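Numbers here simply count residues along the sequence, with the first being 1. Please read these numbers as outputs of a predicted model, since none were measured by experiment.
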Amino acid sequence: MVTTPTGGPAPSPTDPSGRTHEEGWSLRLVLSLLSIVLLLELLAVSYMMISTALPQISAHYQTTQGAWLLTAFLLVGAMAAPLIGKLADMYGKRKMLLACVGIALVGSFISAIATTYAMMIAGRCLAGLMVPTLFLSYSLIRDVFPQKTVALAVSIATSGMGLIAIAAPFLTGWLLDDFGFRSIFWFFVICLVVLGGLIQLTTAESNVRLRSRIDLVGAILLGGGIAGILIAVSFGPSWGWTDGGTLAYLIGGIVLLVGWVVSARMIKEPLIDLDVLGKRPVLLTTISAGVVYGSSGLFTILLPMMVMTPALFGLGYGFGVDAEGFALYQVPIGGAVVLGGLLVGTLVGRNMRPRPLLVTGLLLNAVAFALIAQTHDTKSIVMIICAVFGFGMGMGYASIPNLLIEAVPPQLQASSASMVGVSQSVFPAVLPVIAFAVMNNSHIVQFPPEIQATLQGAVFYDNAGFQVAFWIGAVFALVGAVVAFLLPRNIAQIEVPASATRSTPDGDELVAAG
């Protein structure tokens, strides 16, 4: 059997870049894409499933530090992303994708058998290596899928994540009710074993390599800076923004990031090339990606809070649905996300530039935010608005990787995409904090004492509070659309010096794919 330089299967002939000679879709490619899509679906659902299981987990371990179970996952993923991206460009994207899957599998296993809460957190830290699989997946697809299938494949991979939102509440409820919280982690273990094996069997390795060195100083400074800021943003609302701990993490994170910038300017081969990151197409794509994911994060946080509030409270919003009832609102979002992604993949595959598609997606998000800010008292209208938002979300999800593919050569694809991944983690953490800071300041409802006593500490916001929060999302998405509009109409791909490429272990010279 023919194998890649790293020992993986290559069921069909490949050119020097690792791209198959298949002209279009084949059974192998379909299975490869399916395995990648399901892996990203698992990433998309993991945060929600753990959030739902959090009360059970906190009660079992008798801890009040449940938030760390969620923060640790995102934190480690964001910290590791730049280093993982650089390693992928140097040693192979498939190799690093499978390594991340393997580490996440071990982490999920540790959490499944955890006897202490510290052991549970340690497992979630390792599971955070699932976060880089997003950018590793579309970077790998770019290198090894036939050129004519790339745009559609990366669009399906990134926007297909919307489908899992429909079934996830039912799956999570069944696992928790019938088997307990440990079943969530065993579910991750089983899925990661199956999907890792499927990727190993169906997806070839890219031969594209970057000749470089590992910048450990940069990795520590950048990772530490990201960690400090994310911890401050995540816990600032509960610790207090003037709390010494919050300020220490925030200021420390900023100082480390400044140190990273200085270091990257001094080191010959930095973790992230600031000249590449500073290029207009790459920088604006990175910012736009953060806006797309930040907008999505805010909408998906506000929506369930609004529709699950009992209508009898008379707040001007709320339908009193339970978790399963909320799934009805997920259906239009999930379906529209996939349709938006398919539209982008089809149009980009027919040589349409992704820039106007990204602008359109963000404008749809802004319109949906504005509409729901003003009209949210009728179920059918809210569902239609959800579909509009989901369509814009899908267009944004699919446009980002296609823009990056257009702007960055294969040798720098994963490391550049890693910074996009960091943006996609930081913005969703920051935007809700801004919205809730406004809501908590002057929009908390004060019920009569006899009603307040029955709420068990739950906080409800007045109608104006939700309006302000949705308008914040609308302005944010609109600014993102302006940023995307400022992208060059015709993006010239960054050139990589010949000295930056190296040979595979079998002596073949590595070249840029496509």
Side-chain angles (χ1 to χ4, degrees), residues 36 39-48 70-71 73-85 88 97 100 128-139 154-155 157-162 164-165 222-223 225-227 229-230 233-234 257 272 277 281-301 337 340-341 344 354 358 361-362 365 392-405 407-408 413-434 473 476-477 479-481 483-484 487:
I36 290 172
L39 177 62
L40 298 186
E41 293 266 10
L42 191 65
L43 169 61
V45 76
S46 61
Y47 198 87
M48 187 278 289
L70 303 172
T71 303
F73 179 85
L74 179 63
L75 193 62
V76 172
M79 288 174 59
L83 181 59
I84 295 294
L97 178 64
C100 287
L129 268 294
M130 283 183 66
V131 174
T133 62
L134 175 57
F135 67 82
L136 288 174
S137 294
Y138 66 73
S139 297
V154 298
S155 298
T158 50
S159 63
M161 295 186 293
I164 195 66
L222 180 56
I226 293 169
I229 291 175
L230 280 177
V233 169
S234 299
L257 288 182
I272 300 294
L277 183 61
V282 180
L283 179 61
L284 296 185
T285 298
T286 301
I287 296 172
S288 298
V291 175
V292 168
Y293 280 75
S295 299
S296 303
L298 180 60
F299 192 89
T300 53
I301 287 173
V337 166
V344 170
L358 176 58
L362 283 165
N365 285 168
M393 191 192 309
M395 293 185 71
Y397 283 176
S399 297
I400 294 300
N402 280 299
L403 274 168
L404 205 62
I405 287 171
V408 180
Q413 182 69 210
S415 53
S416 298
S418 70
M419 291 307 296
V420 173
V422 170
S423 176
Q424 291 168 338
S425 297
V426 172
F427 277 60
V430 172
L431 185 59
V433 169
I434 295 172
F476 189 69
V479 171
V483 171
L487 282 160

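- Partners of F427 according to the ring pair (Phe, Tyr, Trp, His ring centres under 6.0 Å) rule, which considers only residues two or more places apart in sequence or in another chain, do not exist here.
- Looking at S425, its side chain does come within 3.5 Å of a backbone N or O of G421 through a donor-acceptor pair.
- When V292, V483, L284 are each tested for a side-chain contact (heavy atoms from CB on, under 4.5 Å) with L358, only one passes: V292.
- Nearest heavy-atom pair, S159 versus G394, reported as atom, atom and distance to 0.1 Å: CB-O, 4.1 Å.
- A search for side chain to side chain contact (heavy atoms under 4.5 Å, CB included) contacts involving A289 returns I400, V420, Q424, not counting sequence neighbours.
- Across all their heavy atoms, P132 and L129 have their closest contact at CD-O, 3.1 Å.
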Step by step, would you call F135 with Q413 a side chain to side chain contact (heavy atoms under 4.5 Å, CB included)?
CA-CA 9 Å; F135 67 82; Q413 182 69 210; over 6 Å; no
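- With S46 contributing its side chain and L43 its backbone, the two residues share a donor-acceptor pair below 3.5 Å.
- A search for side chain to side chain donor-acceptor pair (under 3.5 Å) contacts involving N402 returns S155, not counting sequence neighbours.
- For the pair A157 and I36, the tightest heavy-atom approach, listed with the atom from each and the gap, is CB-CG2, 4.3 Å.
- With sequence neighbours left out, the side chain to side chain donor-acceptor pair (under 3.5 Å) criterion links S415 to D89.
- Taking OG of S288 as the start and CG of L404 as the end, the distance is 11.5 Å to the nearest 0.5 Å.
- Going from atom CG of L40 over to atom OH of Y397 covers 11.5 Å, rounded to the nearest 0.5 Å.
- The distance from the OG atom of S416 to the CG atom of L283 is 12.0 Å, given to the nearest 0.5 Å.
- Between N365 and V291 there is no side-chain heavy-atom pair separated by less than 4.5 Å.
- Residues that satisfy the side chain to side chain donor-acceptor pair (under 3.5 Å) test with S295, not counting sequence neighbours, are absent from this structure.
- Contacts of I301 classified as side chain to side chain contact (heavy atoms under 4.5 Å, CB included), with partners at least two apart in sequence or in another chain: M305, P432, F436.
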